[in-house]
Amino acid sequence: MTFKIVLDEARRILEKAVVELGVPRVQYNFSKPPSDQLGDLSSNVAFIIAKTSGGRPGEWAERIASKADLSSSIYFTGVTAHPGGYVNFHLNMKNFAEFTLKNVLSDGRYGLPQAEPKQRISVEHTSVNPAHPLHIGHLRNVVLGDSLVRLLRASGHQVYVLNYIDDTGLQVAVALLGILELGLSPEPMKGTKADHHVGEIYVEANRKVESDPALQEKRRRISQQLERNQEPTATAAKNIVDRVVRAQLETCWRIGAEYDLLNFESQILKTGLWDKVFERLKEKGVAKLAKDGKFDGCWIMEGGDENEEEKVLVRSDGTTVYAAKDIPYAAWKLGMLEDPFRYGVFAEHHGKKLWATSDSGNPNPPERFNVVQRTISVIGVEQSRPQKFVKAALLALSPRGSGYHHLAYGKVALSPKTAKQIESGISSEGPVSMKGRTGMYVTADDAMDALKIKAAAETKKRNPEASPEWVEDISESIAVGALRYELIKQDLNKPIVFDMDEALRLEGDTGPYLMYSYARARSVLRKSGSFDMQNMNTTPPSDLEPSEKNLILAISKTELELEEALKYLSPRVVANHAYSLAMSFNLFYEKCPIMTAPDVALRDWRLLLTDCFSIVLARIMDIIGVPHPESI
RNA sequence: GGGCCCGUGGCCAAGUACGGAUCAAGGCGUCAGCCUGCGGAGCUGAAGACCGUGGGUUCAAAUCCCACCGGGCCCGCCA
């Protein structure tokens, strides 16, 4: 927050100078000068004025700087003009540092954005088919969604986390086929998780189905029975799905994600939501019956743009296509329909109830899950086109449809090397895409286990005296931190090529770097004894070292960075800021002795700075879900 | 063929929304250094980039516009 105050002050000074010069007001912005010598903050206002009023930017900068009135300024010591045209502000670092530290100590949510207005928002993520374990591609979805939820909540929004379970789809039908028709055992071996076991059945069954028309017919029948909720298939499916979902949840919880509601596809079908929505789509003229052409007999929806092809919603045989099934669920999410579901407790985690739609539940929702202004669905980019139709259908039903947001992300593929480790026959030059159907994937559990083993070895090496329980605990945290960071630090639309060896890195731009920096700061603070940080002197005793200044600036920019992350729904921005903050601290640590500072006043002030850094870094790490133990 | 996205040193990548300044972050890898000093999962230094190509707009382009090239995804009465 503190940096914002500085921006406001700079703006006031500039506005006043501009008015005095008698030129019209313009839109301009601020940036960081390339070097500290030039200043701490620069504005392009002179460039803009030169454009509208003529003249050279350098001259305007000179005029503005000479008119700058710093008489009542608390945070600036000077305003200078650069011949190139920039107007540069020089911070009174002593005042600014004091102000920043004071704020960190007194404001329990320093650095967090203030959502205005506060909204009710639901976020759907994970939504993995209950027929196999999560692989690292799914994990990208989970970690993005969960980090987004944390960011929204930290900003003051009320957020519900939804996880959609497609328990009637073809994938469950195939797994069931493996058990019912091919005699594959539904019971996992000891030590095997149910999702991994069913995943193997799923692969095996798929292999057989592919070359056998009779099995394909059986698969279709099972699938149909699932959609129509026919016994005994429905109950058999329910058993399998329940076990797989619980096993998948273990993985999700392990990585730090939590949910409020599981919504089962079977429940959506049962409530007849589709029929209601379909009626309304017909009334509004969005769904049209094709009378001829290649979609003769189908209900279709027009494409958004002129040259986009229409989309089939209902086939000529009366069945509904996959994308269309998303519409009623999305309409429910935004409260366009009466809530038809019954709710029961599916599980409890960390003392919090996880609800699920179910037959036997209570018709009164425990929370108003579908009374929200916005709903965000974390879904891969490959679904962008169908998602566009969902949004268009919602907008046709109600203006509230504008609250529907598809957060798209690129997929995760395997490096050729890692793919080869799974299946030696693979000979690919480029990335290999993961497929649940063929078993070509690295599971989230395996990736985490491998990371944990590596982390445990490193942790033991550095802490030879530590208890096995502690090492176990810490290496688990490191595995989580490393994997989460790895999956969100890059651009959303870029595909990630996952390489196992690469992912095992614990140095450089990684989650453990953040954890190490935090632990290092905490270690110093522990050794310093019992200071009363709240009552220490926030005024720097002497001029600041460049690395101290740098760290103060990094701390002070936290709110601006998180606001940007919030605006663009981009956890990556949070991760990047955490990294640069940690880097600033490590630089400070290297250059400025803390405990052995030349005098007591300076030592105490640096301890305070260290404390403030650790407070803010921990807060940011919480948003991206990277754990921050006191030592690692 | 049409639509969306991406192209920055050997590799990965920030910066692109809001165009600006003498060095275009950072990481991996390579080379050379720093623990008898608060944690070496760290830090310092070196080498390495005509920001895919070509045009355009502008006083100013990695950033905006156009074309092209290369890569990914999508374009089913599959899910």
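The shown structure was predicted, so the numbers you read here are calculated from the model rather than taken from an experiment.
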Derivation of the salt bridge (Lys or Arg N to Asp or Glu O under 4.0 Å) call for E548(A) and R606(A)
CA-CA 9 Å; E548(A) 291 172 324; R606(A) 283 180 177 165; 2.7 Å; yes
Could you work out the separation of G15(B) and G56(B) based on their P atoms and round it to a whole Å?
29 Å
Any donor-acceptor pair under 3.5 Å between the side chain of S580(A) and the base of A25(B)?
no
Tell me whether the ring of Y516(A) lies stacked over the G42(B) base, given a 5.5 Å limit on centroids and a 30° limit on the plane angle.
no
Under a 3.5 Å threshold, yes or no: a donor from one side chain and an acceptor from the other, between Y202(A) and N129(A)?
no
Have S147(A) and R484(A) got a donor and an acceptor in their side chains that come within less than 3.5 Å?
yes
Could R505(A) and Y513(A) be counted as a cation-pi pair, given that NZ or CZ must be under 6.0 Å from the ring centre and within 45° of the axis?
no
Separation of the C1' atoms in A13(B) and A49(B), to the nearest angstrom:
13 Å
Of all the nucleotides listed (U22(B), G15(B), C38(B)), which has the minimum atom distance to the side chain of M595(A)?
C38(B)
Contact check, side chains of E564(A) and H577(A), non-hydrogen atoms, under 4.5 Å:
no
Among the candidates A14(B), G27(B), G20(B), find the nucleotide nearest to the side-chain atoms of N44(A).
G20(B)
How far, in whole Å, is U36(B) from U30(B) if one measures between their P atoms?
25 Å
If we take the C1' atom in both U63(B) and G20(B), what is their distance in whole Å?
11 Å
Between A14(B) and G26(B), how many Å separate the two P atoms, rounded to a whole number?
15 Å
If you only use heavy atoms from C-beta on, which nucleotide in C38(B), G27(B), A14(B) is closest to the side chain of Y579(A)?
G27(B)
Could you work out which one of G27(B), C6(B), G42(B) sits closest to the side chain of N493(A)?
C6(B)
Which nucleotide, A60(B), A14(B), C38(B), lies nearest any side-chain atom of K51(A)?
A60(B)
Using the P atom as the reference point in each nucleotide, state the distance between G70(B) and G33(B) in Å, no decimals.
47 Å
If you look at every strand shown and take non-hydrogen atoms under 4.0 Å, does P83(A) touch a base, only sugar-phosphate, or nothing?
nothing
Between A25(B) and C74(B), how far is it from one P atom to the other, in whole Å?
37 Å
Where along nucleotides 71-79 of chain B does protein come under 4.0 Å, by heavy atom, of base (B) or sugar-phosphate alone (S), with - for untouched nucleotides?
--SSS-BSB
Rounded to whole Å, NZ of K591(A) lies from P of G42(B) at a distance of 16 Å
Side chains of N163(A) and T126(A): any donor to acceptor distance under 3.5 Å?
no
Picking from A17(B), C38(B), G40(B), which would you name as closest to the side chain of V524(A)?
C38(B)
